[in-house]
Amino acid sequence: MAKLRHVGHLLFSLTLIPALPAVVVAGESTPVSHQTGSSNALLRGTAESIRDLGGLTIGGVPLESGRLLAEFYAARDYRLAWERAAQVEALLRVVEASVTEGLDPADYHLPTLRALSKPNALTALPPASRLGADLQLSDALLRYSYHIRFGRLDPVVINHAWNHRAPIPAQTLVQSMERVVAAADTGAALGALAPQPFFYANLKRGLHEYSGSDALRGLSPIPAGRKLVQGNSDPRVVALRDHLRALGEYDAAPPADATLFDAPLREALMRFQRRFGLPTDGALSAGTLAALNQPVSPAKVEQIQMNLERMRWFYDDLPADYVLVDVRGFMAHVVRAGGIDWSTRVVVGTPEAQTPSFRDEMEHVVFNPTWTVPPSIQKKMRGVSSKFKVVDRRTGRATGGNVSDTRRISLIQGPGPTNALGRVKFIFPNDQAVYLHDTQSKSLFSQSMRAYSHGCVRVQNPLKLAEVILNRPNWNQGEINRVVATNKTRYVVLEQRLPVLLYYLTARADENGKVEFRGDIYGRDQALRSALKGPPSDLRIRFADAVPVVDPTMVAVANHRGGPTAPAVPPPSVRTESGHPAQSPTSQPTPTLAPAPRPTLTQGAVPNRTLTLDEPRPLVPVIRPSGVPGTRL
């Protein structure tokens, strides 16, 4: 059995200053270097010791991922990351301001940041405690960079049926952390972690405008009374006009009779009703009165914060051009150069067959598509018309039989004017089998609530959308019409893939920060609202596939002994503990035995948050099956 290379136990004491640990590594006597420019032997040993531990704390401060921190420090040759007080001050300022993003500063070790941001706080620490402080600061950076780029909550944990996102690659996080700690201007580097698309910036502005309006707080409530409509005269109209003016909805001059409910006031009231998801009738009813008297409600602030969180799930590293499907708004937008270039109405899934939320890349457009009937629809069919081809799933050949047998038979409708997908579909391959397409049901686009599909997104103006997306001179509307008229299937590959974002948003804002609240037709808000009041989700990180660490000298000895069970010489791609390619035994004629490799965790390890490094413990090797990809929960 292989021997473990034992780095040593960790002991973190709390005898120096609150929340800042001293670090003692058993068997190590090398002092901690305060120079970030040189490799640190004690940091190397500590990082390797915590790599495979699940949950751990330093001085009562929990660390999110020992493995990610170990990879971060390994990538920088085990140099301390936090040298200047200005770095800590910049991180503290960003963390304190994270409330404007709908985040919670307490998630990022706020007391520790405040303590370490004081003048000479880092340089005054004893060597071992200095190492612990560096780990705490890096963990705060990891948490913040993950949350601002990918969300505080894991969308798959919130709703695995309708939210879909792969784990975040560890290298993505390591690189972003390194950019911050290596930057001359830490504040600017932190601000550049997540460039904010227009829809996020608008809603963030809306959170500020909505929750910080002093004018609203100074108004007296509108008295209760009879329902008011245009043409009525009532003393309460004066208070109604004042409230709408404070909300930014009314900017007209009042009539000579200030108690008259005139047309401009009705239009302003309708704008307010649309923003707050109320019946848009322009009347001061009991429901509208209640909303006006408490427009800055905690529930509405939470609704804005929830939708900022939803936006963070898919907006990372978004290019200037993409397609934004606003599922709850029943609209699709083509975005060019960071702004909306063209929009169209869409029909989305019913509450029973919801359109999921995810991000993918559009690869091609299909004119005159065929339609393979989904099994969920096919199994309800008892017979089919001549429009459909009955195909044996195993052979791909035409066949007969019971068409509801979805295991054996598939139904395919040929291209043409009566095809269920219409004349064009837009493919962004995904596990949900969701795409944008034309439809035969044109009348549904006149509805205000357009949730009628089986989950795909039906487009009102699909041929124009094709022209806008292809964005080539040779694919103008005339050429598109010519191709469609052939009734033959034609695939057109995009010259550059286009990201597609499918968002379910129950709050959005315009460029002025005016927030529009929408009804939760899919019933997704309550779970997210409850989760936001609790702790953040564990970070779901995809680490590189574990590669066996091979000691070449042991391989040489085994090969020298021979025999049917002797291991083969590792291929050049196998790495040794030092990270160098394993050499063949011929390059080492007189091998000496070396310590066996330390077992490593494969990806997908579930953190154990009950562990702590405040007490010494033996390192327990944990080996899981290799080759398991990151998957949805």
Side-chain angles (χ1 to χ4, degrees), residues 318-327 329-349 355 358-374 387-389 412-430 432-447 450 452-503:
L318 198 61
D321 296 350
Y322 53 93
V323 176
L324 172 63
V325 179
D326 182 356
V327 173
F330 312 113
M331 295 293 294
H333 310 284
V334 177
V335 178
R336 300 285 187 190
I340 294 178
D341 180 57
W342 184 82
S343 302
T344 183
R345 291 186 173 194
V346 297
V347 170
V348 300
T355 297
F358 64 96
R359 170 178 169 177
D360 219 300
E361 289 187 329
M362 188 179 296
E363 297 182 359
H364 55 273
V365 176
V366 184
F367 294 105
N368 295 317
T370 60
W371 178 49
T372 300
V373 181
K387 298 177 182 178
F388 292 88
K389 184 178 181 180
I412 301 175
Q413 185 184 21
T418 61
N419 185 279
L421 301 182
R423 290 299 198 172
V424 62
K425 68 177 179 179
F426 306 83
I427 301 300
F428 39 103
N430 59 86
Q432 320 313 316
V434 168
Y435 41 86
L436 279 70
H437 64 82
D438 189 7
T439 179
Q440 301 296 327
S441 304
K442 306 291 188 183
S443 62
L444 295 177
F445 293 109
S446 63
Q447 306 276 344
R450 298 187 289 278
Y452 296 103
S453 81
H454 290 90
C456 281
V457 180
R458 305 175 188 173
V459 181
Q460 183 179 29
N461 299 305
L463 298 183
K464 179 62 178 178
L465 176 60
E467 181 185 12
V468 173
I469 283 179
L470 291 173
N471 197 30
R472 305 182 203 169
N474 59 322
W475 279 108
N476 55 33
Q477 204 59 224
E479 177 61 14
I480 289 173
N481 291 337
R482 187 193 67 78
V483 170
V484 165
T486 66
N487 288 331
K488 295 181 180 180
T489 302
R490 173 80 176 272
Y491 288 78
V492 182
V493 178
L494 272 63
E495 292 181 341
Q496 185 171 358
R497 293 183 178 184
L498 202 60
V500 180
L501 289 73
L502 287 88
Y503 275 122

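Please read these numbers as outputs of a predicted model, since none were measured by experiment.
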Between [X] and [Y], is there a donor-acceptor pair closer than 3.5 Å when you use the side chain of the first and the backbone of the second?
| X | Y | value |
| --- | --- | --- |
| Arg345 | Met331 | no |
| Arg450 | Phe330 | yes |
| Asn368 | Val483 | yes |

Can you confirm whether [X] sits close enough to [Y] that some side-chain heavy atom of one is under 4.5 Å from a side-chain heavy atom of the other?
| X | Y | answer |
| --- | --- | --- |
| Tyr503 | Val327 | no |
| Val323 | Val335 | no |
| Met362 | Tyr435 | no |
| Arg472 | Val492 | yes |
| Leu498 | Glu361 | no |
| Asn461 | Trp342 | yes |
| Asn430 | Phe358 | yes |
| Val500 | Arg359 | no |

Which pair of non-hydrogen atoms, one from [X] and one from [Y], has the smallest distance, and what is that distance?
| X | Y | result |
| --- | --- | --- |
| Ala420 | Gln413 | N-OE1, 3.0 Å |
| Phe428 | Val434 | CE1-O, 3.5 Å |
| Gln440 | Pro417 | NE2-O, 2.9 Å |
| Gln460 | Thr344 | CB-OG1, 3.6 Å |
| Gly349 | Thr355 | N-OG1, 2.8 Å |
| Val424 | Ala466 | CG2-CB, 4.5 Å |

Just checking, is any N or O donor in the side chain of Asn487 or Arg423 under 3.5 Å from an acceptor N or O on the other one?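 Yes.
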Would you give the length of the straight line joining atom [atom1] of [X] to atom [atom2] of [Y], rounded to the nearest 0.5 angstrom?
| X | Y | atom1 | atom2 | result |
| --- | --- | --- | --- | --- |
| Lys425 | Cys456 | NZ | SG | 9.0 Å |
| Lys387 | Asn419 | NZ | CG | 10.0 Å |
| Ser453 | Leu444 | OG | CG | 10.0 Å |
| Phe367 | Glu479 | CZ | CD | 9.0 Å |
| Leu502 | Gln432 | CG | CD | 10.0 Å |
| Ile340 | Leu324 | CD1 | CG | 7.0 Å |

Could you walk me through whether Ile480 and Glu467 pass the side chain to side chain contact (heavy atoms under 4.5 Å, CB included) check? CA-CA 8 Å; Ile480 289 173; Glu467 181 185 12; 3.8 Å; yes
Kindly indicate, with the supporting measurements, whether the criterion side chain to side chain contact (heavy atoms under 4.5 Å, CB included) is fulfilled by Glu363 and Val493. CA-CA 6 Å; Glu363 297 182 359; Val493 178; 6.0 Å; no
Are Arg336 and Asp321 ion-paired here, with the side-chain N under 4.0 Å from a carboxylate O?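 Salt bridge between Arg336 and Asp321, a charged N being under 4.0 Å from a carboxylate O: yes.
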Residues Asp438, Leu421; criterion side chain to side chain contact (heavy atoms under 4.5 Å, CB included); working and verdict: CA-CA 5 Å; Asp438 189 7; Leu421 301 182; 6.0 Å; no
Taking the six-membered ring for Trp, are Tyr491 and His364 parallel (under 30°), tilted (30 to 60°) or perpendicular (over 60°)? tilted
